[in-house]
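First the proteins, then the strands, lettered A, B, ... as listed; each starts at 1.
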Protein chains: 2
Amino acid sequence: MRAVLAALATLGLLAQTPATSNVRGAAYPQVHPDRRVTFQVKIPTAQKVQVMPGGGANGLGKGPFEMTRTAEGVWSATIGPVQPGFHYYWFLVDGVPMNDPASETYFGWGRQSSGIDVPDATLDFYEPKDVPHGNVRMHWYRSRITGLMRRAFVYTPPGYDTSGMTRFPVLYLQHGSGESERGWTAQGRVNFILDNLLAARQIKPMLVVMETGYAGAGNEKFSEVVVNDLIPEIDRAYRTRPERHHRAIAGLSMGGGQAMQIGLGRLDRFAYIGSFSGAGARNFSLASSFGGVFADAASANKQLKLLWIGCGTEDFLYPANEAMHKALDAGGVRHVWFPSPGLHDWQVWRLHLREFATKLF
Amino acid sequence: MRAVLAALATLGLLAQTPATSNVRGAAYPQVHPDRRVTFQVKIPTAQKVQVMPGGGANGLGKGPFEMTRTAEGVWSATIGPVQPGFHYYWFLVDGVPMNDPASETYFGWGRQSSGIDVPDATLDFYEPKDVPHGNVRMHWYRSRITGLMRRAFVYTPPGYDTSGMTRFPVLYLQHGSGESERGWTAQGRVNFILDNLLAARQIKPMLVVMETGYAGAGNEKFSEVVVNDLIPEIDRAYRTRPERHHRAIAGLSMGGGQAMQIGLGRLDRFAYIGSFSGAGARNFSLASSFGGVFADAASANKQLKLLWIGCGTEDFLYPANEAMHKALDAGGVRHVWFPSPGLHDWQVWRLHLREFATKLF
């Protein structure tokens, strides 16, 4: 059904198409060429149904949006034009949040949530193209720190299997609060972004390791998992270049804070650090944040091959990130500062990944 | 939270534990030692909330089950003892089906659905153990048949990456109606089943390829995708043994029918066929089903290294499968017939996979 409608749209015979984030065969939600979105769901017994974007700063706009009911109990709403990119949402059915049965689910907000991906007519760097494709592997291992099985997602570039003894640098890439190891693939499209960059020869081939940024109470234990469990496991199981100058860590939001905390705390392990709309910028102090590593700018500059800080200018964390950037500048800490239009959302982080990846290794 | 509760339970300090199918940190649903299950959800505005098992023959029993409300708007129900294994369910909130926000989602019934995994105290062959673990890879490729990107899940056994030039046989393994390429991993635990069998030296190392058994209208096109797109792609990208006597196809329910249709239709490609509670048994005719391949029993017996047919004795498809088995017997077609107690559900199919895999290659 989706294929047929997409083909009709390509021929100009249909103005709106089912979202690529829908489940197989679902006709709605549909995205219009002007980026309006039509949601539709059949719930004959409901008194009121609304579209509720996930979070206060969502590219769908500030909801909830009222849906109107047909005689057959089908509720419908067309909203927007909305921002391009990936947006979480739910239906509020008489006030109760539920997933859209027509949407795939995306782990965010601590639960499996509905999401819609709205294409950007001017950007296709994260779309699947006719280039060689890498895999994303589900990699299970037992953590000695927690005693439990954990699962990492590992992107291997096209040609990894046939590249003989070649060894690869590794980017450790973290999701945000309430998300999981699946986020960078399902919401972020890490694999298509890197496939496309590789085909265009804009990055070096690399592995990308994505873990769940939780390991019991607090960030401290997750840091231990990364350094003492995950890195040794990845270096054992894959043909990596296990030196610090071939290892990067980055993340978005909470994961950006973790990347700075873990990376700056273990510069013996990491030489490249990326913070995407990072929460670590809050209450930043040049003298004392991250163990005071920036107090000695010369030492930090010598150890860090790249410190990359990006943030959307409409992000609620923008003032904190801009202040951190200015403090680092004032302190003489070398870094890349990448402000760009956008909210606290995945479209910005896809762009951050692209920009960051081109500067690695 | 789950780890703490599990630890307390191990120490005998807590009788019931959060299900392993819950999202991170969710305390409910909980499974009791006697296999009763307690569901809980906070919906203060609802007038009625029920637990609705997915389908009429579900191991949770015949619902819907009424939930009772506390003063704070928390709804709760304890049901069972239920059957061990994986069971789909939803909450009916004033009659509207919604997912349990505390459950992971599992693609079934054409949508992302809630599911609960109830342990079997007597069976642990599908549980993660301290043995070497294989990966499951998400493998993207473009289908020439459909013109669209597709995604297969590919299990590679432990040691695949370090086994040099060694080549592996391949099992193509299909899900049921309304499910997807993710089913055998998330619901079926294919990776842990094969990891455990390998560690016990009960199977040969093999790849398992799991695709989405839909490709537009009808089964015919999916058959073309398997034979003309998927097999060449897998033989290109992995170190396979590409001869028919190193290639198997199996599936559950609809996928069991597809395995027989595709496998028996292309005996030049497949020498091992498995039907797990297969829908292909309906209206079976020895003379004419599957292109009449069984009309010449001697020829079928010569070409088929294994024809394996299993079904739960309480399955609605049991009479059809038993009749097919008897007709094959009467016709002199060599096959394994594996009836065992159970419904049309994943616990039976996990067992089928174990039994079938031990007879392969």
(message) Taking side chain as everything from C-beta outward and backbone as N, CA, C, O, which of these in A/Ser113 sits under 4.5 Å from a heavy atom of chain B? Side chain, backbone, both or neither.
(response) neither
(message) Show, in sequence, the C-alpha distance, side-chain angles and deciding distance for A/Trp140 and B/Val136, and conclude whether the side-chain contact (heavy atoms from CB on, under 4.5 Å) test is met.
(response) CA-CA 9 Å; A/Trp140 287 267; B/Val136 175; 3.8 Å; yes
(request) For residues 94-113 of chain A, pull every pair meeting salt bridge (charged side-chain N to carboxylate O under 4.0 Å, His left out), keeping only residues two or more places apart or in separate chains. (result) A/Glu104-B/Arg182
(message) Which residues pass the salt bridge (Lys or Arg N to Asp or Glu O under 4.0 Å) test with A/Arg142, not counting sequence neighbours?
(response) B/Asp130
(request) Please list, in residue-number order, every residue in residues 152-163 of chain B that has a heavy atom less than 4.5 Å from any heavy atom of chain A; write 'none' if there are none. (result) B/Phe153, B/Tyr160, B/Asp161
(request) Return the minimal non-hydrogen interatomic distance between A/Tyr238 and B/Asn135, and the atom names on each side. (result) OH-OD1, 3.5 Å
(message) As an exercise: rank B/Val96, B/Thr185, B/Thr45, B/Val93 by heavy-atom pairs under 4.5 Å with chain A and give me the winner.
(response) B/Val96
(message) Could you report the tightest heavy-atom contact between B/Phe107 and A/Val23, atom names first, then the distance?
(response) CE1-CG1, 3.5 Å
(request) Tell me, for B/Ser114 versus chain A, whether the close heavy atoms (under 4.5 Å) come from the side chain, the backbone, both or neither. (result) neither
(request) Starting at OH of B/Tyr141, measure out to NE2 of A/His133 and round the result to the nearest 0.5 Å. (result) 12.0 Å
(message) Applying salt bridge (Lys or Arg N to Asp or Glu O under 4.0 Å), can you list everything that pairs with B/Arg167, at least two apart in sequence or on another chain?
(response) none
(request) Let me know if B/Pro132 has heavy atoms under 4.5 Å from chain A in its side chain, its backbone, both or neither. (result) neither
(request) State, to 0.1 Å, how close B/Pro128 and A/Met149 come at their nearest heavy-atom pair, and which atoms those are. (result) CB-CG, 3.9 Å
(message) Using 0.5 Å steps for rounding, measure from the CG atom of B/Asn191 to the NE2 atom of A/His139.
(response) 12.0 Å
(message) Within this structure, what is the CD-CG distance for the pair A/Gln112 and B/Asn99, rounded to the nearest 0.5 Å?
(response) 8.5 Å
